[in-house]
Amino acid sequence: MKSIVDITDLNVDELQALIDTALDIIAHPEKYAHACEGKKLATLFFEPSTRTRMSFEAAMYELGGHVISMTDPATSSVSKGETVGDTVQVVSNYADIIAQRHPKDGAAYAAIRKARIPVINAGDGMHAHPTQTLADLLTIYREKGRFNGLTVGMCGDLKYGRTVHSLVGALSRYSDIRFVFISPEELKMPAYVTDTLDRQNLPYEVTTSLESAIGSLDILYMTRIQKERFDSPAEYERLKNSYILDMAKLSLARPDCSVLHPLPRVNEIAVEVDDDPRACYFKQVLNGKYMRMALILKLLDEAARDPKKTLLHSPEAAKGLRCRNPRCICSIETGIEHVFIEDDRQPGHFRCAYCEAETE
Ligand code: NCD
């Protein structure tokens, strides 16, 4: 039985198999209309979301399955102080698979350690958002027909934006990928993402200028400045208009550059761009539903064939270490066993198994 914390829990062959299933669903939806009959998806959303939750729910309905939902933690037992671990243990009795979104980093791994059914991370804090990456990958594949050899620009809030962290993890496994990270200095890509690229000797450029970078890109992935994750409202006000992609800037891009965005957009893409053939963000939404259908099918199938639970990381806890990330679920909920993974390329260096932050 497999669960998904981040996109790297799926290897490149598994990603291609999901893409192939999604393409088959698009071509022959009737073949899949009863595939999940009698199965229930529980959507546990501890953080506001409409589109990701609705995308999961639509996916399950289109597979002939049922959905039960926790949409508002304020009206659930979470408001009484229930932990993520307890919630998923309870829900494991009601459903066959869980999609969970949570505002704290590492909450997906906390759920997976306790759940008796597969869990899909639908976004945990600023850490990861693997099913958005599945939407992104299918969009890139349908637009470009390949992943190898692409120059991919990511622009906006690369610090707090979990979608770009997962997308780098996915694309870094293809060959000749070149990344261009475009952000204000204050919102640059976190070290745990760039460290992975450094360790693999993968090239990336860092710049603050969208105008200077845009002309070299095959893919431009725009992101929203993540207001809700700022400690200081004044800092958000100062940075909120850092990048606005309008037709004047898009005219500097290649004619075949594809513009992606996970949505919701605030003002970082002007509405005038929507009619340009390079704008792919609404197609991306539909692709996300198909990839979630493919993922639900895969995980339910694996759980039926092998109901034994496999933890993604063995709990070889390094004694005495504590996660130093104040946004990590380990730092917030009590009773969570702190678990660390030794960096295989840097012996003696440990990362929190929940949020991937380096330890002291
Ligand atoms: C993204 C998210 O939640 O991280 N949105 C989404 O999944 N539809 C991006 C964002 O909120 O900016």
Side-chain angles (χ1 to χ4, degrees), residues 4-7 41 43-59 69 71-73 98-108 119-140 152-170 181-184 187-190 193 219-230 236 239-245 259-269 274 279-293 295-296 327 329 355-356:
I4 304 292
V5 174
D6 200 6
I7 199 71
L41 164 76
T43 52
L44 301 184
F45 277 66
F46 297 86
E47 185 184 67
S49 158
T50 41
R51 65 209 65 230
T52 301
R53 182 170 58 77
M54 287 171 72
S55 176
F56 269 108
E57 295 183 358
S69 287
T71 53
D72 181 5
I98 291 172
Q100 175 185 279
R101 170 168 290 194
H102 198 285
K104 298 299 172 208
D105 303 357
V119 176
I120 303 172
N121 182 9
D124 61 332
M126 51 184 264
H127 175 231
H129 193 353
T131 64
Q132 179 60 48
T133 303
L134 294 179
D136 305 340
L137 291 177
L138 181 58
T139 308
I140 294 171
V152 181
M154 300 184 181
C155 176
D157 187 345
L158 307 186
K159 177 180 179 187
Y160 296 121
R162 54 196 171 193
T163 62
V164 285
H165 306 160
S166 293
L167 186 56
V168 170
F181 299 141
I182 309 155
S183 76
L187 299 178
K188 64 178 201 239
M189 203 52 105
V193 178
I219 306 287
L220 171 58
Y221 195 97
M222 294 296 295
T223 62
R224 173 178 73 88
I225 309 291
Q226 306 274 303
K227 180 179 183 181
E228 68 278 25
R229 305 203 197 282
F230 278 70
Y236 169 73
L239 295 171
K240 69 178 185 188
N241 295 326
S242 295
Y243 301 100
I244 296 175
L245 179 68
V259 180
L260 276 68
H261 188 302
L263 301 180
R265 116 177 102 182
V266 182
N267 63 348
E268 56 280 352
I269 301 181
D274 296 1
C280 296
Y281 28 94
F282 290 112
K283 296 186 210 171
Q284 217 174 326
V285 176
L286 185 58
N287 288 331
K289 184 186 71 177
Y290 293 127
M291 286 301 264
R292 290 185 175 102
M293 290 171 79
L295 183 64
I296 291 170
R327 297 166 189 263
I329 193 90
C355 72
E356 296 185 66

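First listed ligand is number 1; within each ligand, the first listed atom is number 1.
The N/O atoms of Glu228, backbone and side chain alike, include none that comes under 3.5 Å of an N/O atom in ligand 1.
Relative to the ring axis of Phe56, Arg292 places its NZ or CZ within 45° and under 6.0 Å from the centre.
No side-chain N or O of Arg224 forms a donor-acceptor pair with one of His261 less than 3.5 Å apart. Using modelled atom types and a 3.5 Å distance limit, the side chains of Asp157 and Thr223 yield no donor-acceptor pair. With hydrogens and angles left out, the side-chain atoms of Arg53 and Thr43 include no donor and acceptor closer than 3.5 Å.
The protein heavy atom nearest to atom 9 (C) of ligand 1 is Leu263 O, 3.7 Å. Of the protein's heavy atoms, His129 NE2, 2.6 Å lies nearest to atom 7 (O) of ligand 1.
Under the 4.0 angstrom criterion for non-hydrogen atoms, Gly288 is not in contact with ligand 1. Ligand 1 does not have Gly123 within reach: every non-hydrogen atom of the residue lies 4.0 Å or more from it. Within the structure, ligand 1 has Arg101 among the residues with a heavy atom less than 4.0 angstrom away.
Proximity to Arg51 (heavy-atom distance under 4.0 Å) selects the following atoms of ligand 1: 8 (N). Counting the atoms of ligand 1 from 1 in the order shown, those under 4.0 Å from a heavy atom of Thr52 are 6 (C), 7 (O), 8 (N). Per-residue contacts place Arg224 under 4.0 angstrom from the following atoms of ligand 1 (heavy atoms of the residue considered): 10 (C), 11 (O), 12 (O).
Remark: the backbone N or O of Arg229 is paired with a side-chain donor or acceptor of Arg327 at under 3.5 angstrom. In this structure, the side chain of Gln284 does not engage the main chain of Leu263 through any donor-acceptor pair within 3.5 Å. Proximity of a side-chain donor or acceptor of His165 to a complementary backbone N or O of Val193 within less than 3.5 Å is not detected.
Residue Arg162 holds the heavy atom nearest to atom 3 (O) of ligand 1 of all those in Arg162, Met126, Gln132.
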